[in-house]
Visitor: 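Mind looking over this structure? Questions follow.
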Amino acid sequence: MNAYRTTVLCTASFAAAIAALPVAAQAQSASAAPETTSSTDIVVTATRREERAVDVPIAVSSLSGEKLAVINSSGQDIRFLSGRVPSLLAESSFGRTFPRFYIRGLGNTDFSSDAAQPVSVVYDNIALESPFLKAMLAFDLENVEVLKGPQGTLFGRNTPAGVIKLTSARPTDHYTGHASASWGTYNTVNSEVALSGPITDTLRFRVAGLLQHRDDWVKNDYAATLNEHSFDGYNDMAGRALLEYDSGPLNVLVNLHGRRLRGSARVFRGNSIKPGTNDFVDGFDVEHTAQNGANPQRLNSWGTNVQASYAFDGLGTLFSITGWERASVFSRGDVDGSYPAAVPFSVETGSRAKPREFTQEVRFASEKFGDVSFQTGAYYFNQNLDTAAYSWNTTNVQTNGNTSHLDNETYAVFGSLEYTPIDALILRGGLRWSHDRKYSELNDVTGVLLSDGHAKGSKLSWDASATYKLDTDHSVYARAASGYLGASLKNDVTAGVATKAKPQTTTSFEAGFKGNERGLVSYSADVFYMNTRNIQLTAVGGSSNTTTLINARKAIGWGVESEVTLTPVEGLALTAGGSYNFTKLKDRDLMVAPCSGGCTVLDPVVSGTSFVSIDGNRLPQAPRWIANWTASYTIPVSDTQEVFAYTDWAYRSSVNLFLYDSIEFTGKPSLEGGLRLGFRDNAKGVEVAAFARNITNQIRIIGAIDFNNLTSMVNEPRIIGGEVKFKF
């Protein structure tokens with residue numbers, strides 16, 4: 001990594017933002033009205049309309065403001081959301097380019113580039129299918145919403161588990177902006193800049209950029225290496241430009257964004273788990289490894305979307321959302337790891353992937369006609385994915401490879417109805433009909449077809465709910481909903497045709513209550529039950545580093561979730577959230593291949609086979625408990641100046657890393673905390689702070705590879721640094 005070049009770029013971008021401050025401030029004082037003060041109500045868009053959270057019959061968590069800014073610091077990628085709301089977990093075996101999300105235990109551990117995930121990521125109203133596109137950095141955001149349970153009626157693409165919805169800050173009708181830069185351990189740099197304002201009375205803009213850097217901080221102790229001598233650094237840059245036209249009834253928002261990553265793929269740490277335990281081996285050091293391979297990673301992505309709306313007076317609003325997204329990714333990993341001994345064998349793989357996606361949605365949201373309002377629309381999605389996979393030998397020579405192609409297309413129509421028979425009761429229901437078509441093929445390096453397959457089908461998703469308002473600020477609700485994941489394909493060279501997994505359907509029942517004591521406390525709690533039939537599972541690893549696609553008859557899940565925000569005294573703000581999730585696979589014939597050696601498998605061996613039965617096991621990466629809490633305290637030192645302290649913590653209980661149970665591949669409970677101390681001058685818009693992430697420096701196994709030598713992946717160590725922010 002060229003730390004000097006990165007630091008210069010960061011300093012230059014930060015200096016440019018500082019230079020813009022006087023100009024922006026003059027323009028604001030000359031032409032802009034001050035921003036209005038927001039209500040204490042939490043406003044969400046879980047129903048594709050802006051509504052108070054207390055009126056929405058969905059378990060939805062919202063992150064914004066200081067909490068979002070603090071946890072999304074110190075150079076983190078989108079996996080910072082893991083554990084920060086009830087029932088949500090995120091992990092990756094690729095590092096910064098391939099996040100995998102789990103909500104209420106439902107997710108997909110598959111590391112294949114064509115893997116479908118039951119958690120949908122919707123970034124600026126565009127549903128992103130490819131995990132490489134879901135990895136887009138989170139910066140200059142208005143908020144993040146996490147919708148739990150099936151959301152198929154209004155959000156479409158593969159949402160049986162839930163939706164993570166990220167919304168960028170929009171252009172403003174007055175000049176405003178912010179700039180921040182931080183520096184910390186391992187030369188970690190995090191710099192963000194945004195500027196927004198009017199061009200004319202009807203045209204306004206917003207531009208924002210993010211630069212993240214970390215030095216290679218994991219030293220490679222393998223003396224005979226032919227490649228890198230250190231790993232796990234990155235240079236990661238992203239930018240976004242928004243142009244909004246608003247003439248009253250017509251609003252058009254154009255969004256252009258891109259990202260460029262150069263860095264290290266995930267560091268695999270072979271021989272790092274002590275046999276018979278889920279502890280690290282004696283002498284394990286998170287800053288050292290021993291590998292004879294290479295771990296480069298590169299990603300270039302860009303996209304644009306156009307969101308237009310036209311309000312028909314007294315009737316409703318017509319929306320059109322058009323999106324184009326694409327990426328080019330290369331990732332290579334020394335999969336055998338081999339820490340801390342000499343390399344016992346060599347397995348080094350890599351891939352190139354080029355996902356391209358197009359989406360189009362047209363939706364009409366009506367005004368309220370008496371007691372009734374509705375939404376209706378149509379949706380189209382098209383994905384093309386080209387992938388090439390490679391291997392290398394110990395002399396750094398590529399030994400084999402293949403190419404694959406996936407066509408993925410969806411058509412859908414949907415509608416949602418809201419009926420208020422009395423002021424206190426809101427009834428809602430929705431339907432979506434979707435038709436999916438997939439074609440997948442696998443070729444060798446010369447272009448000879450090795451296997452292919454087709455899958456298509458149609459499915460009806462639905463939801464029905466009732467909200468009863470006890471008063472303006474308190475409500476109870478009940479909701480039933482279904483969601484589905486379309487049929488999946490996995491090419492099988494031996495058979496010459498792709499293995500097909502049936503569509504996965506989830507039916508969910510949920511009830512809860514929400515309340516808001518204005519200015520003092522807001523809270524919510526819910527209970528839920530889920531039944532997922534034909535659940536698509538990916539058996540990862542086993543005797544070789546491959547993935548196998550299987551269907552299980554069903555999986556059940558139930559749990560409890562709650563959140564509370566409390567302001568007991570002036571200057572003190574407290575938040576807490578927690579969840580309990582029970583999951584269980586139910587299929588007496590369900591079996592998988594366990595690790596090929598070195599681990600202690602707890603599941604029974606199926607007679608006459610080398611497989612083990614996983615009937616009754618919990619889902620992988622599905623902790624029973626998730627909890628998070630924050631506390632902030634502000635002490636005024638003058639009319640405009642204050643000092644502050646902020647701490648945040650996230651806990652998850654133990655997790656199974658694979659479908660089968662074993663002692664070694666059970667991740668221990670994890671507790672990570674952060675602390676931020678600083679000074680703020682509200683009149684000048686200046687903030688200076690010191691921070692620490694993973695303050696206790698707790699290192700946990702959060703992922704693994706099981707095909708030979710107890711290889712693990714771990715969380716980030718403690719990062720300590722300082723930050724300066726300017727707002728204008």
Side-chain angles (χ1 to χ4, degrees), residues 42 44 53 58-74 76-91 99-105 107 119 138 141 143-149 161-166 512 514 521-528 559-568 572-582 621-633 644-655 667-676 691-698 700 702 715-716 718-719:
I42 299 174
V44 297
I58 297 171
V60 53
S61 300
S62 181
L63 296 173
S64 60
E66 184 181 26
K67 184 175 183 179
L68 179 59
V70 169
I71 63 176
N72 186 23
S73 62
S74 72
Q76 298 188 72
D77 58 79
I78 197 170
R79 290 171 293 165
F80 78 89
L81 292 171
S82 184
R84 297 301 173 173
V85 302
S87 297
L88 175 65
L89 191 75
E91 53 88 26
R100 296 189 290 249
F101 297 100
Y102 307 79
I103 293 180
R104 293 178 174 174
V119 176
L141 295 179
N143 62 22
V144 177
E145 295 175 29
V146 180
L147 288 56
K148 299 150 204 167
V163 172
I164 299 172
K165 187 173 183 289
L166 300 95
K514 302 181 181 184
V521 60
S522 64
Y523 47 85
S524 65
D526 66 86
V527 295
F528 65 88
V560 182
E561 300 161 331
S562 65
E563 291 184 285
V564 62
T565 300
L566 178 65
T567 309
L572 177 63
L574 308 172
T575 73
S579 59
Y580 174 83
N581 284 269
F582 175 88
Q621 298 289 353
R624 290 278 194 267
W625 296 95
I626 287 178
N628 62 83
W629 58 96
T630 71
S632 65
Y633 190 61
F644 62 87
Y646 188 100
T647 186
D648 63 284
W649 294 83
Y651 169 83
R652 65 135 177 88
S653 58
S654 64
V655 292
K668 288 185 174 182
S670 169
L671 175 64
E672 287 194 21
L675 179 63
R676 184 180 179 86
F691 67 86
R693 306 302 305 165
N694 190 8
I695 192 169
T696 62
N697 202 31
Q698 182 186 83
R700 286 288 186 261
I702 59 175
N715 62 313
E716 290 190 349
R718 178 170 51 218
I719 303 293

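Predicted, not measured: the structure shown is a model, and the values here were computed from it. Note that the numbering runs from 1 along the sequence shown for the chain.
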Visitor: I'd like a table of donor-acceptor pairs (distance under 3.5 Å, sequence neighbours excluded) in which one partner is a side-chain atom from residues 667-675, with atom names and distances.
Guide:
| from | atom 1 | to | atom 2 | distance (Å) |
| --- | --- | --- | --- | --- |
| K668 | NZ | D279 | OD1 | 2.3 |
| E672 | OE2 | N715 | ND2 | 2.8 |

Visitor: So which heavy atom on I103 is nearest to which on L147, and how close?
Guide: CD1-O, 4.1 Å
Visitor: With a 4.5 Å limit on heavy-atom distance, are the side chains of R652 and L89 in contact?
Guide: yes
Visitor: For the residue pair A622 and G105, what are the closest heavy atoms and their distance?
Guide: CB-CA, 3.7 Å
Visitor: Do F80 and L68 have side-chain heavy atoms sitting under 4.5 Å apart?
Guide: yes
Visitor: Consider only side-chain N and O atoms of T630 and T575, and report whether a donor and an acceptor are under 3.5 Å apart.
Guide: yes
Visitor: With heavy-atom distances below 4.5 Å as the criterion, would you say the side chains of E716 and I702 are in contact?
Guide: no
Visitor: With sequence neighbours left out, write down each residue that passes ring-ring contact (aromatic ring centres under 6.0 Å, His included) with F582, or none if nothing qualifies.
Guide: W558
Visitor: Can you name the side chain to side chain donor-acceptor pair (under 3.5 Å) partners of E561, sequence neighbours left out?
Guide: S87, R104
Visitor: So among R100, R700, R79, which one has a salt bridge (Lys or Arg N to Asp or Glu O under 4.0 Å) with E91?
Guide: R100
Visitor: Please name all residues satisfying side chain to side chain donor-acceptor pair (under 3.5 Å) with S82, sequence neighbours left out, ordered by chain then number.
Guide: none
Visitor: Run the side chain to side chain donor-acceptor pair (under 3.5 Å) test against T647 and tell me which residues pass, sequence neighbours left out.
Guide: W649
Visitor: What I want to check is whether the side chains of S61 and K148 have a donor and an acceptor closer together than 3.5 Å.
Guide: yes
Visitor: Looking only at non-hydrogen atoms, find the nearest pair between Y646 and S632 and report the distance.
Guide: CD1-CB, 3.3 Å
Visitor: Please examine the side chains of V560 and D526, heavy atoms only from C-beta on, and report whether any two atoms are closer than 4.5 Å.
Guide: no
Visitor: Does D648 have any side chain to side chain donor-acceptor pair (under 3.5 Å) partners at least two apart in sequence or in another chain, and if so, which?
Guide: R84, R693
